[in-house]
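Numbers restart at 1 for each chain; the letters A, B, ... are given by sequence-line order, proteins then strands.
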Amino acid sequence: MSDNHRDSHPEPGAPRATKNFIEQAIDADLAAGKAAGVFTRFPPEPNGYLHIGHAKSICLNFGLAKSYDGTCNLRFDDTNPSKEETEYVESIQEDVRWLGFQWDNLHYASDYFEQLYQWAEQLVQDGHAYVCDLDAEKTREYRGTLTQPGTNSPYRDRTPEENLELLRKMKAGEFPTGARTLRAKIDMASPNLNLRDPVMYRIMHAHHHRTGDQWCIYPMYDWAHGQSDSIEGITFSICTLEFENHRPLYDWYCRTLGIHHPRQIEFARLNMTYTVMSKRKLLQLVKEKHVNGWDDPRMPTISGLRRRGYTPESIRNFATDVGVAKFNSTIDVIRLENSVREHLNRVAPRRMVVFDPIKLTITNWPEGKVEMVEATNNPEDESAGTRMVPFSGSLLIGSDDFREEAPRKFFRLKKGGAVRLRSGYIIDCHDVVKDASGNVTEILCTYDPETKSGQDESGRKVKGTIHWVSAEQAVKVEVRNYDRLFAVENPEVAGEGQTFLDHLNPDSLTVTEAFAEPELAESKPGDRFQFERLGYYVVDRDSGEQLVFNRVVPLRDSWGKMVAKGKDN
RNA sequence: UACCCCGUGGUGUAAUUGGCAACACUACUGAUUUUGGUUCAGUCAUUCUAGGUUCAAGUCCUAGCGGGGUAGCCA
């Protein structure tokens, strides 16, 4: 096992150097014979799209199963028909698969509704559950507060016979929505509010995405989740911290029913800077059209990251990298961006694309001549080979790469200076052409024929290398430069009368036209490239006649940093 | 102010379970470079505080401080 994270490019679930607290707990249980193996599950509610936080949980659950040679199920926690939709069921499966995981079994909590009901009758008959007629408001009043104990429901002491009859009538649809509940009979004075006679079933005359109108009573999370785990033979039920207070109830149900008892272990959910992670807020962003759908490349959803150009491998690496603990931390989004940079640096072919172009004419180039020059596809990977790029006397370069007058530290092209054209020749700038208002419209250079890339024996050295395209052969493309969706580290912190929406970054998307080397015309949606000296880009599915590229993430830019700090001269 | 959980560099995670505080990322320096990318080297800590146990405490004990969670017929 390597202790070096940098050379670990894990397959799904590959082992890491040190064990996290969950693995240590598993080791202990396994050694003590408390668990027969590692059987986990990923249990999303199909009421929204999966996001990067879920990715952490997916990597954890599937990863644990893989490294311990166990199994991991995908189970939809579909116990609330009013929120759940088939659309979400499908997107979730797609996202899990795309991340590189395959579940051993696909289940739905709704598959267990009948079994759950049988167990409910058992609890009723054993005097562990009762039908309560209190409405929602009264139930809350009777529950007490954080500092005061609750009081017993007046319906708490109904006989098992009476309860059974009422429960059957509830199930048969004889009462309206919200009229009654089935509650576990535990302890209204418990300091843990989850144990103050929690509701097991509520009446909802609603259409369920899978069971249709078969049921009008639906189990609550606590009543469904642990039992579903139990039925599936789950041994370690991994969930997030907010369920910690639910564990005593989880245990109570399994113990009281006398069924297989998985161990629930909680870990801290992922928080990340410059984004929001709650399903409610993500839904709001979509519904109010602050973004263009769930898979908008600015969204932290798996589908958004996919469209943004993130690779599954980079997300898996990120998940392993941030680790698992119980401390409520916030991960710097830079780490996510780094993980995709690190991967794409190794695998993305390089291409030259010019933004905000300015014309550059080579005055000593033979009229009309086009020369094909050889360019390296990826200096990090020799097997990626080379490609041919057309070079001519009429070129386009980025206007950022030229200044008529420039400070000492400006290594790019300036009047009277020289620079290498990537994969081409060294050129010397001797003059510029300006329009009436004094703006440079054309740069005039000569090229040095002795300095052709790959066969340069001139010994000439220049400080800068810039990219370019041949004006005639360049392909016009659309570029969508995405940036962070929010302008502040923690959008949740909003001032008086503000919401997280007030922190949306107005510059999260900048669309521009750019000029690409012709090779790029062949690319298809999903293809990823490094635009040399600029960043990583992916072909968007919106591409048609004209290609559309999304910026995954820019390259590190130490020059830009110097400029920002005023250290550029 | 009830109960539960958590406090280790700027960030996140470790520390053979009582034995030299480590790894990664960021930031900053420098080197290399036909991408101001990549790569390489270096720099950055009173382990929340105060006591205690011990030859030895990030780790164990006590008290305090700080952060998070919990009062859905949501999950």
Side-chain angles (χ1 to χ4, degrees), chain A residues 3-6 16-20 24 43-45 47 77 79-80 82-84 132 134-137 139-141 143-150 177-183 190-194 196 198-204 217-218 220-222 224-225 239-248 266 268 273 279-280 321-332 334-335 338-339 341-342 345-346 350 352 376 379-380 409-412 419-424 426 451 453-454 456 461-467 530-535 554-562:
Chain A
D3 63 351
N4 186 348
H5 284 248
R6 281 155 41 75
R16 277 180 336 288
T18 54
K19 297 207 172 189
N20 62 49
Q24 291 176 16
E45 181 188 16
N47 70 341
D77 229 328
T79 56
N80 186 349
S82 67
K83 291 179 162 188
E84 295 148 7
C132 181
L134 256 25
D135 64 20
E137 197 183 327
T139 304
R140 191 183 336 116
E141 287 172 18
R143 184 159 34 231
T145 69
L146 293 176
T147 52
Q148 291 171 309
T177 293
R180 285 182 161 89
T181 56
L182 182 74
R183 300 175 69 178
S190 171
N192 183 341
L193 304 234
N194 292 119
R196 320 243 263 228
V199 171
M200 295 168 63
Y201 278 107
R202 73 284 216 186
I203 300 173
M204 286 177 95
I217 57 173
Y218 289 95
M220 297 288 290
Y221 165 85
D222 289 299
H225 197 93
C239 63
T240 46
L241 248 32
E242 69 270 28
F243 294 104
E244 209 157 22
N245 293 330
H246 293 242
R247 181 160 21 103
E266 312 85 12
T273 56
K279 279 191 188 176
R280 204 204 96 240
D321 226 49
V322 300
V324 183
K326 296 191 78 164
F327 180 64
N328 225 310
S329 61
T330 300
I331 307 294
D332 196 328
I334 285 174
R335 298 182 72 126
N338 268 334
S339 75
R341 266 198 204 103
E342 193 260 345
N345 177 51
R346 285 168 13 234
R350 318 280 124 128
M352 293 195 285
T376 304
E380 305 295 313
K409 287 185 185 167
F410 186 81
F411 298 160
R412 282 109 103 138
V419 78
R420 172 172 291 281
L421 292 175
R422 177 77 160 152
S423 307
I426 290 178
T451 60
S453 284
D456 182 350
K461 294 282 179 202
V462 288
K463 268 192 285 190
T465 298
I466 63 173
H467 63 281
Q530 182 196 101
F531 290 178
E532 289 213 62
R533 305 207 302 132
L534 298 173
L555 250 33
R556 280 202 181 83
D557 180 13
S558 51
W559 168 245
K561 214 179 275 181
M562 284 163 73

For nucleotides 43-46 of chain B, list the nitrogen or oxygen atoms of the protein found under 3.5 Å from its nitrogen or oxygen atoms, one pair per line.
none

**OP:** Verify the stacking flag for A/Trp559 against B/rG36: centroid separation must be under 5.5 angstrom and the ring planes must differ by under 30 degrees.
**Re:** yes
**OP:** Please answer whether B/rG7 and A/Phe327 are stacked, defined here as ring centres separated by less than 5.5 Å and planes angled under 30°.
**Re:** no
Any base atoms under 4.0 Å from [X], or only sugar-phosphate, or nothing? Heavy atoms, all strands.
{"X": "A/Ser329", "answer": "sugar-phosphate"}
{"X": "A/Phe243", "answer": "base"}
{"X": "A/Asn194", "answer": "nothing"}

**OP:** For A/Asn345 and B/rG37, give me the distance from atom CG to atom P, rounded to whole Å.
**Re:** 11 Å
Subject >> Rounded distance in Å - CG (A/Asn20) to P (B/rG12) >> reply: 17 Å
Subject >> Closest to side chain of A/Val199, choosing from B/rA71, B/rC4, B/rC73 >> reply: B/rC73
Subject >> Donor-acceptor pair (no angle test) under 3.5 Å: A/Arg335 side chain, B/rU11 base >> reply: yes
Subject >> Polar side-chain contact A/Arg412-B/rG36 base: donor and acceptor under 3.5 Å >> reply: yes
Original post:
For B/rA24, what is the paired nucleotide under Watson-Crick or G-U wobble rules, both distances under 3.5 Å?
Top reply: B/rU11
Original post:
Are the side chain of A/Gln24 and the backbone of A/Lys19 linked by a donor-acceptor contact shorter than 3.5 Å?
Top reply: yes
**OP:** Compare side-chain N and O positions of A/Thr139 against OP1 and OP2 of B/rG72 and report whether any pair is under 4.0 Å apart.
**Re:** no
**OP:** Could you point out which residue of A/Lys279, A/Lys83, A/Glu84 forms a side-chain hydrogen bond (donor to acceptor under 3.5 Å, both in side chains) with A/Asn47?
**Re:** A/Lys279
